[in-house]
Structure formats: C-alpha cells, structure tokens
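As the structure lists them, so they are numbered: ligands from 1, and atoms in each ligand from 1.
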Amino acid sequence: MTATVIDGKAFAANVRGQVAEHVTRLKEEHGITPGLAVVLVGEDPASQVYVRNKGKQTVEVGMNSIEHKLDASTTQDELLAVIESLNADPSVHGILCQLPVPDHIDGDTIINAIDPAKDVDGFHISNVGLLGTGQKAMVPCTPLGCLMMLREHHGSLSGLNAVVIGRSNIVGKPMANLLLGDSCTVTIAHSRTADLPGVVKQADIVVAAVGRPQMVPGDWIKPGATVIDVGINRIEKPEGGTRLVGDVDYDSCADVAGAITPVPGGVGPMTIACLLANTVTACCRANGLAEPVGLTA
Ligand code: NAD
C-alpha cells in the first residue's frame, strides 16, 4: 500500500472541537446556546441509531438537542405541524427530519416545509438552488465533509479533474457542485455512464457514492489520485458474520492512489461533525454574527 490514509475519525474530532469552541463563545459572549432539533417518524432501527448518535454528539459539543420521536402512524399534517412549531421556535437553529419517512408521508413536502435558514441537512429546494448557483447555502453534510478533507489534503483544488460516481440528491449532485465551486473540472458518472473505468482513470479526485460494495478496483485509479469513498455497505465475511466496506476496493485502490479514505473511519464520521458545524453556522447567521471560518463551503 502506498496511499496516505485520510483519517476521517481524527478529522471529525477536530471539527467537533472547533464547533465546541464556537458554542462556548456563543454562550459566553452572546448568551446564545445553539439548538438542533431532530425529528424521527417510526421505528426504523438504523434511523434510531443515527438519531441517538446525533443527539449524543450535539450535547457533547455543548449544544441543545431537541428530539421529536413520533409514532409510525403520524400523519403528514401532524408532522408538518411539528416542523412549523420548530420553525417558529427561536431557540431552535437547526432542524432535520430523519429520512426515510414512512410511505404515507411525502419526504420532499416535509423537507421543503423546513425553514431554509434552519435546514442543516441542506436538502431544501432553496438551499439546493443556492448551492447550484454558487451562493451562500446550507450545504449537505456528507459532501461538505468530503470537501473539507479534500481541501485539507490538497490545499487548492483548482484545475483538478474530479469524477463523482453517483448522481443522488444527497451526495453525488451536491458533491459535484461543491467541487465545481472550488474550480475542479467535474464529471458526474452514474449507472448509464459509458466506459466508467476510462472516465475514472482521468480523475485526480474520485468520489465514489454508489452503494455497491467494492465496485471500484485499483486498476481504474490514476496513480497518485485521491480516492474519497462515501459508500457504506455491509457484506458477509467468509468466516461468518458481516463487515462494513465502501464502494471502492480498498486494498487494490490503496496500492495505486496517492490518498484514500477508509471505510469505516473515513467519510462516515464527518457527516455528523458537519451537521454540528452547519448548526453553529445557522445559529450565527440567524443572530447576525460572524460565522465560523473553515466549517462551511
Ligand atoms: P443512491 O442509491 O441514492 O445513489 C446511487 C447512485 O449511484 C445513483 O445515482 C446511480 O446512478 C449510481 N449508480 C448505481 N449503480 C451504478 C453503477 N453500476 N455504476 C455507476 N453508478 C452507479 O445512493 P446515495 O444515497 O448517494 O448513497 C451512496 C452510498 O453512500 C451508499 O453506500 C450510502 O450508504 C452511502 N452514504 C454514506 C454516507 C456517509 O455518511 N458516509 C451518507 C450518505 C450515503
């Protein structure tokens, strides 16, 4: 293996440390405690784990955590009423509704009911538009985490060829917009891309966000490229049990790449750290205060 391992766990701890410093400053100098509200509908086990981790880390950085756990039978109107009450609450600076919501609720309607200034997931159509037009937005947490690690590793990203594999609204598209904002030449590849190996081979930066275990082998990677693996896939181990792997084949890619994020311990820990960063940013903007440097796009 030749690649530098980009340690997302350590990076995320550093981001949380910076967030905690800003929270202390907001409390001591302005008497403001940032508040993050998380709404969960139903009992999806994975969502419950995410929400628990978000609440725990929110409290650890000194912010208020507000949790609304609603029954799976909650109607769309009841959920909208909860969102409205959080929109109107000045002690709440960030709101997210854990996805997926049950089938009888329209996820887009719920996301677009969140006050865009409190939309710390960055999924509201206004924030999507602001990001797409290069304006100040709330930026989706996972791509923001990837961008922070790339900036730290490369310094300037200007002029680099970036290939994003995956065109989802929560990862692929916002990631491409962020890289474009940092003056990369960006290609978005997807399930219908012709000659995906040839496209990936051109990249100085590869961001894989596909959801297919170990799909990208080392011989697709240009020597020295930076590989950011967003995928989180659980696979069976030959000896029994399961383990987490990314969308890239770590061992063969690490032999060729200049730098690579592992799974677990790469992009994953950055997502909640960036959620906390977005909440502090939203709090500063809501109060007309200077926002943290280095914690936004
Ligand atoms: P998604 O299913 O919404 O999108 C997957 C994308 O991959 C699609 O745009 C599709 O066109 C593309 N794709 C599918 N098969 C392909 C193929 N054979 N070749 C090229 N492209 C192909 O997924 P998502 O929500 O963007 O998530 C992607 C992965 O990232 C998943 O493993 C998910 O678990 C993970 N994820 C991780 C985090 C994190 O915090 N680290 C956050 C979000 C998602």
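With Asn127 contributing its side chain and Met138 its backbone, the two residues share a donor-acceptor pair below 3.5 Å. Checked by atom type and distance alone, the side chain of Asp182 never pairs as donor or acceptor with a backbone atom of Leu157 at under 3.5 Å.
We find that Lys56 and Glu60 are joined by a salt bridge, their nearest charged nitrogen and carboxylate oxygen being less than 4.0 Å apart. Taking 4.0 Å as the cut-off between side-chain N and carboxylate O, Arg16 and Glu21 do not count as a salt-bridged pair.
Using 4.0 Å as the threshold, Gly268 has a heavy atom nearer than that to some atom of ligand 1. For the ligand labelled ligand 1, residue Met270 lies outside the 4.0 Å heavy-atom shell.
At a heavy-atom distance under 4.0 Å, no atom of Thr193 approaches ligand 1. When heavy-atom distances to ligand 1 are checked against a 4.0 Å cut-off, Thr271 comes that close only through its side chain, counted from C-beta outward. Contacts with ligand 1 closer than 4.0 Å are made by no heavy atom of Arg192, backbone or side chain.
Within ligand 1, counting atoms from 1 as listed, the ones closer than 4.0 Å to a heavy atom of Gly166 are 6 (C), 7 (O), 9 (O), 12 (C). Atoms of ligand 1 lying under 4.0 Å from any heavy atom of His190, numbered from 1 in the order shown and given with element: 11 (O), 19 (N), 20 (C), 21 (N), 22 (C). Close contacts between ligand 1 and Asn233 involve ligand atoms 32 (O) [criterion: under 4.0 Å to a heavy atom].
In this comparison of Val245, Leu99, Ile170, Thr142, the heavy atom closest to atom 42 (C) of ligand 1 sits on Thr142. With atom 22 (C) of ligand 1 as the reference point, the heavy atom nearest to it among Ser191, Cys141, Pro143 is part of Ser191. The nearest non-hydrogen atom to atom 7 (O) of ligand 1, considering only Val199, Ile272, Val210, Asn169, comes from Val210.
Heavy-atom neighbours of Lys9 NZ from other residues, nucleotides or ligands within 6.0 Å: at or below the threshold of 12.
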Determine, stepwise, if the pair Asp89 / Ser91 fulfils side chain to side chain donor-acceptor pair (under 3.5 Å).
CA-CA 6 Å; Asp89 185 341; Ser91 71; 2.8 Å; yes
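Of all non-hydrogen atoms in Lys201 and Ile221, the two that sit nearest each other are NZ-O, 3.6 Å. For the residue pair Thr109 and Leu80, the shortest heavy atom distance occurs at O-CD2, 4.2 Å. Scanning both residues, Asn14 and Gln18, for their nearest heavy atoms gives OD1-NE2, 2.7 Å.
Within a 4.0 Å radius of atom 25 (O) of ligand 1, the protein has at least one heavy atom.
Ligand 1 has no N or O atom lying under 3.5 Å from any N or O atom of Gly172, backbone or side chain.
In terms of protein heavy atoms, atom 8 (C) of ligand 1 is closest to Arg167 N, 3.9 Å.
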